[in-house]
Amino acid sequence: MFFYAYLSIILVIGGFLGNLYSLPIADGIVVSGGNLAYGALMMTSVLFVLVERDIFVLRRIVFLVVAVNVFNILLMFVVADTLSSPDTLNPHGTSAALFATSIPFIILGGTLIVLALGIMLYVFELIKRATQSPILGLIAYLIVFIAILCLDGIAFPLIAFGTSKEVIAMVAGGLTGKLLTATAYSMAILTFYVISPTRFSEYLKQNVFNWGTLLRSSSDIIKSIAQKDEQLSRTNSQIAHSAELAGLGYGVSNRKTGKIVDCDEAYAKMHGLKVDDILSLDIDDDMIGKIVHPDDRQKAIADRDTVYGMQSAISELRYVMPDGEIRTLRKIFSPINASDEECDLYEVVGQDITDTKRLQEQLFKSQKMDAIGNLTGGVAHDFNNLLAVTLGNLELLQDEITDADQKELLNNSITSTLRGAELTRNMLSFARKAQLEPTTVDLNSLIRNMKNWIGRTIPSNIDVKTSLLDGLWETEIDASSAEAGILNLVLNARDAMPDGGNLTIETTNVIIDDDYVELRDEEVEPGQYVLVAISDTGEGISTENLKHVFEPFFTTKPVGSGSGLGLSMIEGFMTQSKGMVRVYSELGVGTTFKLYFRASEVAKVNVPAPQDPVVQIDVESGPTILLVEDNSDVLTALQTTLTKLGYRVIQATSGDAAFKIFTSEPKIDLLLTDIVMPGELQGTTLAKALRKLRPDLPVVFMSGYASEATVHGNGLRPEDIRLMKPVRREDLVRAVNKGLSMHSKQGPEKTHRT
């Protein structure tokens with residue numbers, strides 16, 4: 001109100017003085033009334049734009065000037081026409097031509113006013129781009145204002161009356177008055193700055209004048225604004241929908257009060273709360289002190305300190321929901337106005353990334369297992385070849401040595417070699433590349449049989465109990481691997497109870513449905529499962545260690561007390577068997593491992609087949625074996641073993657060489673071949689090529705690890721025998737015996753006594 005009253009007074013005074021033809025100020029200095037009125041209009045217009053920062057103000061002033069000029073022109077026409085009529089009373093004899101000739105001057109004056117005002121504001125915009133300093137801007141504005149008012153006062157008489165010497169002299173004589181008038185009105189602008197410097201500074205920050213906007217129609221501008229509002233509303237709706245799809249929540253907090261001052265429903269929901277509930281929370285006492293997971297509170301405090309220092313921050317913390325569920329939230333903190341130290345507000349954008357983190361961990365684990373599996377597979381082949389050489393030579397020496405002490409040394413060496421082979425098999429197991437031989441198994445019977453001898457490994461201060469469900473479903477699993485896994489868990493439970501306790505083995509039938517899989521994000525197929533639970537009352541496992549128990553080589557046991565492969569082996573075996581293993585533990589209470597075995601479709605208990613007897617070979621009529629092995633040391637050990645048992649052995653170091661030998665030696669009874677070898681013909685492709693010549697040829701395959709047989713070729717038959725290196729002598733002879741026995745049933749050329 002003060003501002004508009006201020007402008008009104010200036011306009012009234014300026015308009016009143018404008019009715020004067022001239023106003024003498026001092027000797028030689030005369031101010032015309034027109035300059036006073038014109039200066040008041042220009043100064044008022046400029047102040048309007050400075051205060052309102054609105055181009056429409058300028059438009060209205062221009063329209064006002066045009067409307068006044070049009071009114072004056074029409075008035076001049078009417079007066080001139082009236083005075084020209086003979087019936088008009090004109091006691092002073094005023095000439096009609098006087099009013100008619102003033103019309104061009106009215107048009108010229110209005111045009112100059114509009115141009116001067118537009119040019120002035122345009123130059124103001126150029127000054128704003130050149131400097132953001134309020135003082136420099138004000139000085140430049142005052143100079144431009146005075147200059148344009150003076151130039152306009154000079155331009156009007158020169159354009160209206162010409163450039164004769166008399167006119168120039170008149171203009172020069174009035175220049176001092178024009179400069180004085182312009183300077184006086186500029187003081188009004190200076191006064192405005194002194195009274196309201198903030199408004200002037202805000203004007204400097206905004207782009208007010210624009211020729212395009214000035215020349216456009218109001219309806220077009222309003223239509224454009226409506227379209228932009230509609231587009232903005234649509235964009236905001238799309239952003240809100242995208243934020244909803246992305247699970248983004250928004251909140252505003254105050255670092256000074258330590259309160260959340262605003263948030264949307266999505267932000268409150270990701271904390272398991274309602275908007276009203278979360279707005280009542282204190283950031284330090286409630287959010288960090290209670291909702292943030294205890295293990296993440298130090299990191300939360302560090303993030304808070306960063307934000308309170310007016311810095312942006314990104315955090316990923318675990319939060320405990322009201323129902324006890326733990327969720328991981330990712331939050332981005334950013335000060336709302338970092339340049340203003342007095343602004344205490346900062347905004348928070350949150351997102352629930354619990355599922356994403358879980359998928360990342362699963363992917364990392366899968367990639368790690370793949371990498372370890374590839375490494376293990378590559379090492380297993382060569383390592384088992386080395387063990388095969390060692391084992392073969394030790395067993396050959398065992399037949400030659402008679403000294404008891406030396407035999408004991410040999411037995412210890414053989415045992416260590418077999419432990420090395422077992423270590424390799426464990427590595428292959430957790431890498432899910434182990435060779436499994438599933439059969440129908442009654443886990444109750446397996447556990448009862450284990451309990452009969454397991455007591456020898458359990459101290460007397462541990463009470464072993466079993467709770468086995470009657471009518472337990474049968475499973476299709478590798479019995480020896482299942483037994484090894486259960487034994488491993490039993491021994492771990494024993495180690496967890498050095499002072500004694502209770503060890504319980506339970507079995508039951510469970511059904512895993514789609515809802516269970518989805519709710520717990522399990523990686524097993526829904527269906528019927530047999531659950532074996534091994535529980536102890538030992539020390540328990542910490543939350544941090546619980547995350548790593550199935551990682552290979554992770555162990556909390558002292559050095560030399562464990563390889564860290566046991567649980568990894570179990571997980572690999574269970575996954576390979578299409579089941580799963582889960583662990584639950586509490587420090588000071590105990591631990592439970594749960595093995596979920598897929599139920600079998602075949603309802604019968606597997607009866608282990610009797611082992612094949614070892615063939616006693618007649619040296620003179622011994623069968624001929626084509627032995628193919630690229631490792632010369634392994635080849636020598638195997639050839640010596642088979643020869644000592646009475647077999648005739650023909651050696652080959654590649655599949656290609658073996659094929660040539662076979663074509664020239666038609667009386668070969670069995671092919672004993674490695675799977676991975678140099679040359680074109682691998683073990684499986686060699687067997688396939690030879691069986692084109694003799695379809696009934698029995699084959700025994702040897703491999704460093706089980707998946708070699710599936711990778712290299714497709715020459716395997718269901719009845720073919722596969723051996724894992726290193727091969728024990730009795731296993732080798734049993735496999736050869738079995739192969740020759742199948743061949744004899746098909747009617748071979750030779751028969752063998754057993």
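Side-chain contact between R729 and L732 is absent, with no heavy-atom pair separated by less than 4.5 Å. No side-chain heavy atom of V699 sits less than 4.5 Å from a side-chain heavy atom of L690. Side-chain atoms of L645 and V736, non-hydrogen and from C-beta on, never get closer than 4.5 Å to each other. The closest side-chain heavy-atom distance from V583 to L567 is not below 4.5 Å.
Distance alone, capped at 3.5 Å, places no donor-acceptor pair between the E539 side chain and the G588 backbone.
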Taking distance alone, no hydrogens or angles, what donor-acceptor pairs closer than 3.5 Å link side-chain atoms of residues 318-328 to residues at least two apart or in another chain?
residue : atom : partner : partner atom : Å
R318    : NE   : D296    : OD2          : 3.0
R318    : NH2  : D296    : OD1          : 3.0
Y319    : OH   : K331    : NZ           : 3.3
D323    : OD1  : E325    : N            : 3.1
E325    : OE2  : R327    : NH1          : 2.9
R327    : NE   : D352    : OD2          : 3.1
R327    : NE   : T354    : OG1          : 3.4
R327    : NH2  : D352    : OD2          : 3.3

Report all side-chain donor-acceptor pairs from residues 498-506 shorter than 3.5 Å, counting only partners two or more places apart or in another chain.
none

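Shown here are the side-chain contact (heavy atoms from CB on, under 4.5 Å) partners of P459, two or more places apart in sequence or in another chain: N461, I462, R494. With sequence neighbours excluded, the residues satisfying side-chain contact (heavy atoms from CB on, under 4.5 Å) with V349 are L248, Y250. Considering only residues two or more places apart in sequence or on other chains, Q398 meets the side chain to side chain donor-acceptor pair (under 3.5 Å) condition with N411. Under the rule for a side-chain contact (heavy atoms from CB on, under 4.5 Å), the partners of N444 that lie at least two apart in sequence or sit in another chain are D442, R448, L468, L472, T507.
The structure places CD1 of I570 at 11.5 Å from OG1 of T575, a figure rounded to the nearest 0.5 Å. For the atom pair I288 CD1 and R297 CZ, the distance stands at 9.5 Å (nearest 0.5 Å). In this structure, NZ on K269 lies 13.5 Å from CD1 on I278, to the nearest 0.5 angstrom. Note that CE of M574 is 4.0 Å distant from CZ of F597, once rounded to the nearest 0.5 Å. To the nearest 0.5 Å, the span separating CZ on F701 from CG on L671 amounts to 7.0 Å. Here the straight-line distance linking atom OG1 of T390 with atom CD of E395 works out to 11.0 Å at 0.5 Å rounding.
Closest approach of A300 and L317 over heavy atoms only: CB-CD1, 3.6 Å. The heavy-atom pair separating V510 from W473 by the smallest distance is O-CZ3, 3.5 Å.
Residue K578 places its NZ atom among 12 or fewer non-hydrogen atoms of other residues, nucleotides or ligands, all under 6.0 Å distant. At most 12 heavy atoms of other shown residues, nucleotides or ligands fall within 6.0 angstrom of atom CD in Q298. Counting heavy-atom neighbours within 6.0 Å of K451 NZ, excluding the residue itself, gives a total above 12.
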